[in-house]
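These notes concern the structure reproduced below.
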Amino acid sequence: MRDRATIEARVLGVLRPVVIIVLLVATIFPFLYMLLLSVRPIEQLLQDPGQLWVPPSEWTIGTYQEVLTSVSDGGQGFLRFLANSAIVSLAATALTLLVSIPGAYAVSRLRFTGRRQVHFLFLSVYLFPSILLAIPLFVLFTRLGLRGSLGGLTIVYIAQTVPVSIYMLRNYLSTIPESLEEAAAVDGYSRLQTLRKIILPLAAPAVMANALYVFMIAWNEFLFALLFLVEDRADWTVSLGLAQLSGGIEVSKTVLMAGSVVLTLPIVIIFFAAERLLTEGLTAGAEKA
Amino acid sequence: MKAPLTLRQRENRAGLAYLSPTLIVVLVVVVAPILWTIMLAFQRIRLINLRRAGVFGDYSLANLELVLTSPGFWSSLWTTVVYTVGSTFGSIVLGLIAALALRGRFRGRTLVRASVLLPYVAPVVAVTFVWTILLSPQFGLVNDWGMRFLGWDRPIAFLSQREYALDLLGWHIEIPLALLTVIAFESWRYFPFAFLFLLARLQAVPQELEEAARVDGAAPTQNFRHILLPQLSAVIALLCVLRFIMTFNKFDDVYLLTGGGAGTEVVSVRVYEFLTARFDVGAAAAQALVLAAGLVVLLVIYLRFLAPKVEGES
């Protein structure tokens with residue numbers, strides 16, 4: 001048995017670094033390639049698609065200029081799309097938190113009728129395909145005149161993110177000792193005051209992680225943006241704009257790569273800035289599963 | 001007697017009040033639409049005559065009949081199942097490998113662990129676009145290198161070729177190329193999700209267990225099989241359910257990669273086609289409903305017969 005253990009340990013000792021490197025290349029390479037293509041002149045890509053590295057002297061930022069300038073100035077108008085995405089995502093984040101913080105507090109602390117059943121309601125958000133929700137919402141928003149408005153889209157995003165947000169926050173809130181609240185009650189704090197002045201400051205890291213997570217979901221979302229905003233180019237989000245333009249042949253691929261970088265960069269920055277917060281918030285409770 | 005009762009009632013009321021914004025949003029934007037879909041599915045409605053559609057419409061089974069007998073429906077349901085099972089399996093296996101490889105200490109571990117999560121957090125439109133460019137037969141890096149270094153005689157259209165003839169050891173096999181590519185993409189994009197959960201669970205395994213096994217001379221594979229795997233089984237079962245549900249309903253990835261062509265037409269993409277190309281709201285709703293029903297049936301089968309362990313362990 002000793003032999004088998006030593007042999008295996010030796011094999012794994014070699015295999016492990018190899019696996020780590022393969023994983024790293026597989027996950028990072030597409031993003032580096034995106035970055036590289038975005039600064040390459042298109043003719044050069046078509047001539048030699050297999051060339052990986054292009055000396056910095058040949059790099060161009062013309063792609064970024066084209067993708068960001070407005071349509072009236074001959075560009076692709078991604079600056080406008082960025083603004084749309086930012087408005088929708090920020091609004092969705094703020095409103096989701098406004099709704100989910102009291103919700104999470106209620107679910108984690110207060111005993112009320114139907115508390116146990118609430119989870120089934122949340123499950124329905126994920127059990128039914130979003131395309132199924134999309135049909136009636138498409139119809140309803142058409143009737144209300146909300147289709148083609150960023151506000152309508154924001155409402156849908158709130159509904160999509162509130163359950164997961166409550167789940168993440170609840171896990172955190174349940175770690176805050178209840179004695180703190182009792183002490184606050186003795187000091188004459190009302191429930192709302194306790195939530196605002198005691199619980200919220202303590203839960204700040206979880207709330208922050210949550211905000212970033214919701215922002216990322218809203219920023220990355222595609223299906224509802226496609227269904228609701230596709231008709232008017234002025235309303236497009238970055239994801240939608242990129243998807244709509246990448247199907248055609250009018251816009252060169254390197255310009256669209258610049259668009260991809262513009263779409264991805266905010267997410268990557270947020271992610272690396274708050275990676276620990278995010279992963280801990282997401283997997284809280286998994287240890288016990 | 002009276003005072004604690006009112007306290008309890010007040011708590012009850014506060015609980016409902018605090019949760020009410022959530023309830024309203026979920027009821028209006030999720031539950032009501034689901035109920036409405038069910039009604040739409042049983043009425044012949046197109047987008048044009050939608051205005052007169054109401055609760056008291058003409059109910060019929062015409063949509064269901066149309067959908068269930070329409071050409072391509074059953075094959076698309078089958079495609080959905082294959083796509084879901086393949087991607088669920090692929091992402092969990094990759095995630096497990098990653099979690100095991102990145103568990104121990106090494107230099108730069110934090111950075112590597114974070115980088116591995118990139119496919120999961122990056123916008124789907126951007127990553128599908130990079131994949132289509134990389135795999136493109138005209139100017140894709142993969143095909144260029146494949147022909148240059150691997151001796152392919154012509155570029156392979158990974159995303160638009162339904163069948164690819166492969167000669168393997170004298171056997172002639174047709175493999176569903178585009179579908180496999182989409183499954184590979186899905187596994188790549190979601191293995192970080194499995195990785196996160198598995199790693200979190202791995203770190204909670206008591207060190208003494210492995211220590212004891214090592215002292216007893218257990219090889220790493222035995223350690224994995226008898227110590228780690230039992231500890232992970234509940235998380236793996238949970239991941240199977242989560243990934244299955246999410247992939248089964250997935251729309252964006254397939255739509256953006258292939259548009260549902262070349263044998264990759266999953267049901268959600270078909271629903272979208274019915275809705276936007278044919279404006280047939282009724283048939284689209286009926287199809288979405290069949291998709292949801294299919295998911296529920298498969299989940300029940302899974303929870304009933306294939307995952308009896310979970311209940312016992314949790």
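From a predicted model like this one, the values you see are computed outputs, not experimental measurements. Chain A is the first sequence line, chain B the second, and so forth, proteins listed ahead of strands; every chain is numbered from 1.
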Max heavy-atom pair count under 4.5 Å with chain B, selected residue of A:Ile28, A:Val230, A:Leu137: A:Leu137
Residue pair A:Ile131 / B:Leu275, side-chain heavy-atom distance below 4.5 Å: no
Best-contacting candidate, B:Phe129, B:Phe251, B:Trp188, B:Tyr272, against chain A by heavy atom pairs under 4.5 angstrom: B:Phe129
Contact class of A:Leu12 relative to chain B, heavy atoms under 4.5 angstrom: side chain
Part of A:Leu15 within contact of chain B (heavy atom distance under 4.5 Å): neither
Interatomic distance, A:Ile20 atom CD1 to B:Leu102 atom CG [nearest 0.5 angstrom]: 5.5 Å
Engaged part of B:Leu299 at the chain A interface, taking heavy atoms whose separation is under 4.5 Å: side chain
Check: A:Leu110 main-chain N/O paired with B:Glu11 side-chain donor or acceptor under 3.5 Å: no
Where B:Val125 and A:Ala243 come nearest, the two heavy atoms and their spacing: CG1-N, 3.7 Å
Mind listing the side-chain donor-acceptor pairs of residues 29-36 of chain A below 3.5 Å, one per line with the distance, residues two or more places apart or on another chain?
none

Chain B contacts, top residue of A:Val156, A:Leu192, A:Val22, A:Ile158 (heavy-atom pairs, under 4.5 Å): A:Leu192
Heavy-atom closest pair, residues B:Gly217 and A:Ala5: O-CB, 4.0 Å
Leading residue by heavy atom contact count with chain A [cutoff under 4.5 Å; candidates B:Ser268, B:Pro21, B:Ala114, B:Ala285]: B:Ala114
Please output the side-chain donor-acceptor pairs of residues 288-296 of chain B that fall under 3.5 Å, not counting sequence neighbours, one pair per line with the distance.
none

Gap between atom CZ of A:Arg16 and atom CG of B:Leu100 - 0.5 Å precision: 10.0 Å
Choice from B:Ala284, B:Ala14, B:Ala101 maximising heavy atom contacts with chain A below 4.5 Å: B:Ala101
Structural part of B:Gln203 lying under 4.5 Å from a heavy atom of chain A: neither
A:Tyr105 and B:Tyr18 aromatic ring geometry - parallel, tilted or perpendicular at 30°/60° bounds: tilted
Interface residue of largest heavy-atom contact number with chain A, from B:Val28, B:Val31, B:Thr37, under 4.5 Å: B:Thr37
Per-residue contact mode, B:Thr276 against chain A (heavy atom under 4.5 angstrom): side chain
Under 4.5 Å from any heavy atom of chain B - which part of A:Ile217: neither
Value rounded to 0.5 Å, distance of CZ in B:Phe191 from OG1 in A:Thr27: 5.5 Å
Approximate separation, where rounding is to 0.5 Å, of B:Leu256 CG and A:Leu226 CG: 8.5 Å
Heavy-atom closest pair, residues A:Ala106 and B:Gly15: CB-O, 3.5 Å
Minimum-distance pair of heavy atoms, taken over all atoms of A:Lys253 and B:Ile133: CD-CD1, 3.7 Å
Toward chain B, the part of A:Leu195 with a non-hydrogen atom under 4.5 Å: side chain
Spatial distance of atom CZ (A:Arg191) from atom CZ (B:Arg10) [nearest 0.5 Å]: 7.0 Å
Exercise: do A:Ser130 and B:Asn249 side chains pair donor with acceptor under 3.5 Å: no
Reported CG-to-OG1 distance for the pair A:Leu98 and B:Thr22, which is rounded to 0.5 angstrom: 10.0 Å
Region of A:Val107 that comes under 4.5 Å of a non-hydrogen atom in chain B: side chain
Per-residue contact mode, A:Glu275 against chain B (heavy atom under 4.5 angstrom): side chain
Neighbour count above 12 (heavy atom, 6.0 Å) for B:Arg13 CZ: no
Part of A:Ile267 lying under 4.5 Å from any heavy atom of chain B: side chain
Minimum heavy-atom distance between B:Val116 and A:Leu23, given as atom pair plus value: CG2-CB, 4.5 Å
Part of A:Phe222 within contact of chain B (heavy atom distance under 4.5 Å): both
Options B:Lys250, B:Met147, B:Arg148, ranked by heavy-atom pairs under 4.5 Å with chain A, top entry: B:Arg148
Under 4.5 Å from a heavy atom of chain B, the part of A:Val19 involved: side chain
Student check: side-chain heavy atoms of B:Val127 and A:Thr264 closer than 4.5 Å: no
Sub-4.5 Å side-chain heavy-atom contact between A:Asn220 and B:Val124: no
Option that, when pairs with chain A are counted at under 4.5 Å, heavy atom only, ranks first among B:Ile34, B:Asp252, B:Val271: B:Ile34
A:Leu133 side chain near B:Val29 side chain, heavy-atom distance below 4.5 Å: no
Region of B:Ala41 in contact with chain A, defined by heavy-atom distances below 4.5 Å: neither
